Amino acid sequence: MKKAILALSALCLVAFTSCKEDATSKINQDNVAAAAERDASAADFPVITFAENEHDFGTIINGTPVETKFKYTNTGKTPLVVSNIKSTCGCTVPSDWNRDPLAPGESSEFTVKFNGKGSNQVQKSITLTTNTEKGSEVVKIKAFVEPDPNAPVKPAGKAAINSVK
């Protein structure tokens, strides 16, 4: 046991005394400055600011198509890219967005068409895939959908009564 402790102590002594070079002398200050600049610029994400985050169509009749435009501005310091826009269902269709980088301070818009189907309060989300810090942004549309007064009225169903013999 004494030999094992003595051998371990000798090994530690050799390991600590053999590294006489100072590790700070191996650091290249140009690389440190370049890394600091890179990290500082990586924190500058574009920022998307909408004129409105939610559009309310109000009360509409079932089946009445409606559309709106969402306007947005790049309020960040780097170019903004909107790579995709999708909705929660096929009844809401986003279109006409700019896929080119949007410089800081520039504005753009996209159109959202809603087919007007549903009943009562309807809310849909539209998700933009962007190069912002979060990676995606969400805007919403909503409407109160009333039944069409001119739609044919379906007669009440008849209950079938089966007698047991």
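Keep in mind the model is a prediction, meaning the values are calculated, not measured.
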Keeping [X] on the side-chain end and [Y] on the backbone end, is there a donor-acceptor pair under 3.5 Å?
X	Y	result
Ser9	Ile5	yes
Asn74	Glu106	no
Ser87	Thr92	yes
Asn98	Leu102	no
Thr73	Ser107	no
Thr64	Ile61	yes
Asn53	Val139	no

Can Thr59 and Glu146 be said to form a side-chain hydrogen bond (donor to acceptor under 3.5 Å, both in side chains), step by step?
CA-CA 7 Å; Thr59 302; Glu146 290 185 338; 5.0 Å; no

Could you tell me whether the side chains of Thr111 and Lys69 share a donor-acceptor contact shorter than 3.5 Å?
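Result is yes, a qualifying pair exists.
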
Modelled atom types, side-chain donor and acceptor of Thr75 and Thr49, under 3.5 Å
yes

Taking every non-hydrogen atom, the tightest pair across [X] and [Y]:
X	Y	answer
Pro79	Pro101	CB-CB, 4.1 Å
Lys124	Cys91	CE-SG, 3.5 Å
Thr132	Glu137	OG1-OE2, 3.0 Å

Please tell me if the side chains of [X] and [Y] come closer than 4.5 Å, counting only heavy atoms from C-beta onward.
X	Y	value
Val82	Thr129	no
Ile141	Phe57	yes
Ser136	Leu128	no
Val122	Phe114	yes
Ile85	Ile126	yes
Phe144	Ile60	no

Identify, with sequence neighbours excluded, every residue that meets ring-ring contact (aromatic ring centres under 6.0 Å, His included) alongside Tyr72.
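With neighbours one apart ignored, the set is empty.
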
Applying side chain to side chain contact (heavy atoms under 4.5 Å, CB included) to Phe70 and His55, what does each step give before you reach the verdict?
CA-CA 8 Å; Phe70 281 98; His55 180 78; 3.9 Å; yes

Run Arg99 and Val81 through side chain to side chain contact (heavy atoms under 4.5 Å, CB included) and show every step you take.
CA-CA 7 Å; Arg99 290 166 174 83; Val81 177; over 6 Å; no

Honestly curious: do Val145 and Val66 fall in one hydrophobic cluster under the side-chain, below-4.5 Å linking rule?
yes

Got a second to check how far Asp96's CG is from Glu67's CD, nearest 0.5 Å?
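Spacing of CG (Asp96) from CD (Glu67) equals 8.5 Å.
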
Using the six-membered ring wherever Trp is involved, compare the ring planes of Phe110 and Phe50 and label them parallel, tilted or perpendicular (cut-offs 30° and 60°).
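Perpendicular.
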
Carboxylate-amine/guanidinium contact Lys140 Glu54, below 4.0 Å
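No, no charged N to carboxylate O under 4.0 Å.
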
